[in-house]
2 protein chains.
Amino acid sequence: MFMKANGKKLYEEVAGQIKHLIETKQLNSGDMLPSEEEMSKSIGVGRSTIREALRSLELIGLVETKRGRGTFVKTADVKAFNDILLDSIKLLDVDSYHVYEIDRLLEPNAARLLAQRAKDEHIEMLESILQKMDESLKSGGSGEVESLAFHKAIFSALDNPFLDIIFDLTKNVHQKDRKAIFNVTDRARKTYEEHYKIFEAIKSRDGAKAYRYMEKHLTKVGDVYDKIFSFKYSGEIDREEE
Amino acid sequence: MFMKANGKKLYEEVAGQIKHLIETKQLNSGDMLPSEEEMSKSIGVGRSTIREALRSLELIGLVETKRGRGTFVKTADVKAFNDILLDSIKLLDVDSYHVYEIDRLLEPNAARLLAQRAKDEHIEMLESILQKMDESLKSGGSGEVESLAFHKAIFSALDNPFLDIIFDLTKNVHQKDRKAIFNVTDRARKTYEEHYKIFEAIKSRDGAKAYRYMEKHLTKVGDVYDKIFSFKYSGEIDREEE
DNA sequence: TCCTATAACCTGTCTGACAAGCAGACAAGT
DNA sequence: ACTTGTCTGCTTGTCAGACAGGTTATAGGA
């Protein structure tokens with residue numbers, strides 16, 4: 001009821017306390033928190049303060065409040081984390097080029113690593129994605145979704161939640177530009193071919209080759225980027241590449 | 001006052017509306033939102049509902065509320081974004097190995113890229129960090145801070161805010177393990193030497209060499225990881241490497 | 001002109017109230 | 001024994017009103 005003075009707002013203090021309980025496992029996943037009124041009394045703050053604290057914890061996915069039942073400690077899963085992240089990153093004006101650069105740094109090595117440790121199921125997954133892309137292209141589709149899925153599958157197969165986060169992060173940012181790329185003549189078909197080569201390298205467990213083909217693929221994509229950007233700035237566009 | 005049925009809570013609805021205003025630039029960075037009471041009246045919900053909505057927006061760094069003044073649209077800067085992120089990621093139990101893997105995938109290429117485009121100031125920066133580490137080690141320090149700074153400097157020099165985010169993300173997670181690594185005999189001194197080689201490669205603009213040395217360095221670090229982990233699980237520790 | 005008191009706003013927090021969702025108990029009907 | 005309906009107590013969702021304590025602009029006095 002009194003210890004403040006630090007400039008912190010009360011509800012932040014309360015949220016911090018609850019968070020601490022969870023971090024130190026005094027409250028475990030699935031546990032029910034005391035009711036709002038109870039906490040209000042025991043901590044000595046108003047119910048509205050408790051509620052504001054709970055709202056912030058709910059937002060970061062730490063707890064879940066169910067009407068009529070109570071508030072429960074939630075398993076802080078990567079997905080929830082990701083959602084918040086994607087939500088806020090839209091507001092950052094990250095240059096699309098920066099995102100491309102991350103891909104450029106990361107994906108070749110990711111492909112190599114996957115080539116070294118891919119299981120059969122991963123290979124099958126990639127193959128089925130490629131097949132879908134082929135079908136999509138043949139039936140007049142853009143193939144964009146499948147292309148994205150291919151890259152995502154490589155990351156997912158590595159079974160590293162962090163990679164998934166980074167992927168979603170980057171994907172989300174250059175969504176617009178990705179569309180633009182697929183509008184360039186023949187890019188979709190060539191993407192398919194490049195993907196296929198990467199796939200073959202992974203399937204034959206040839207890490208070095210996977211790395212090289214991924215790098216080549218990204219270089220091509222980068223070229224298209226360059227053209228689109230120069231189009232943006234100079235008003236000219238060159239539709240054919242290489 | 002009645003049209004819900006979607007299960008969404010009112011304050012979520014309100015938060016969404018405000019967010020939309022900001023995303024569509026109807027409210028710009030720095031703008032002041034109407035007062036809570038005003039919004040309460042104009043939207044037709046209670047002030048507490050407005051407040052809960054604002055709390056969630058504040059948490060994701062969209063707005064900032066100042067007591068006695070009002071609520072303002074915040075500039076979504078990378079740093080703020082990062083803070084939020086770091087705050088929530090602690091709750092995820094990401095395996096330290098996953099983070100190491102990211103470094104492994106990313107840093108060699110980062111070193112190569114920097115070798116290709118480093119400016120003199122970057123070189124100087126790296127050199128000064130190395131010098132500080134040397135001094136620290138000679139005077140009995142752990143050199144841990146400087147080691148971290150070296151890696152961070154490489155990312156920073158690439159001038160890609162995304163990389164900084166990823167770096168902070170990973171750094172934050174395996175903070176504990178990093179300490180453990182530096183406790184292994186001679187690891188600090190060897191780290192210094194390995195860093196120095198990377199530095200020389202970057203200085204001489206030799207991308208391939210920078211890549212290789214960084215990879216070697218990380219492999220060594222990985223070996224230590226393995227030992228520490230096996231220590232954790234088997235109760236044995238091996239203090240000397242190679 | 002400069003300073004200060006103060007009014008007008010604003011957020012922070014508390015309290016009390018009521019609606020509405022949920023779960024378990026219990027009784028009634030089959 | 002099994003289903004069904006109702007009741008009751010608990011919990012969250014939302015609202016309205018009140019007051020404390022910052023912040024800012026300004027009117028009025030030195």
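In what follows, chains carry the letters A, B, and so on, assigned in the order in which the sequence lines appear, proteins first and then strands, with residues in each chain numbered from 1. Treat the numbers as computed from the prediction; the structure is a model and nothing was measured.
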Approximate separation, where rounding is to 0.5 Å, of [X] [atom1] and [Y] [atom2]:
X: B/S128; Y: B/K132; atom1: OG; atom2: NZ; result: 4.5 Å
X: B/S156; Y: B/H122; atom1: OG; atom2: NE2; result: 9.0 Å
X: A/D103; Y: A/I166; atom1: CG; atom2: CD1; result: 10.5 Å
X: B/D164; Y: A/H98; atom1: CG; atom2: NE2; result: 9.5 Å
X: A/L106; Y: A/L218; atom1: CG; atom2: CG; result: 10.0 Å

Let me know the distance between [atom1] of [X] and [atom2] of [N], rounded to the nearest Å.
X: A/M39; N: C/dC14; atom1: CE; atom2: P; result: 14 Å
X: A/E13; N: C/dT13; atom1: CD; atom2: P; result: 11 Å
X: A/L10; N: D/dG22; atom1: CG; atom2: P; result: 13 Å
X: B/F72; N: D/dT23; atom1: CZ; atom2: P; result: 11 Å

Describe the nucleic acid contact of B/S48 in one word from base, sugar-phosphate, nothing, applying a heavy-atom distance below 4.0 Å.
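Base contact.
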Give a yes or no on whether a salt bridge exists between A/E101 and B/R117, defined as a side-chain N under 4.0 angstrom from a carboxylate O.
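Here A/E101 pairs with B/R117 in a salt bridge, since their nearest N and O are under 4.0 Å apart.
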Just grab all the salt bridge (Lys or Arg N to Asp or Glu O under 4.0 Å) pairs involving residues 33-46 of chain A, residues at least two apart or on different chains.
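Sorted result for residues 33-46 of chain A: A/E36-A/R47, A/E36-A/R51.
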Can you give me the bend angle of the helix from C/dT1-D/dA30 to C/dT30-D/dA1? Use the axis through the first five pairs and the one through the last five, nearest 10 degrees.
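The angle separating the two end axes equals 0°.
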Pairwise N/O distances under 3.5 Å, protein to nucleotides 10-12 of chain D:
| unit_1 | atom_1 | unit_2 | atom_2 | d |
| --- | --- | --- | --- | --- |
| D/dT12 | OP2 | A/E36 | N | 3.0 |
| D/dT12 | O4' | A/G68 | N | 3.4 |

Check the orientation of A/F150 and A/H195. Use parallel for under 30°, tilted for 30 to 60°, and perpendicular for over 60°.
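A/F150 vs A/H195 ring planes: parallel.
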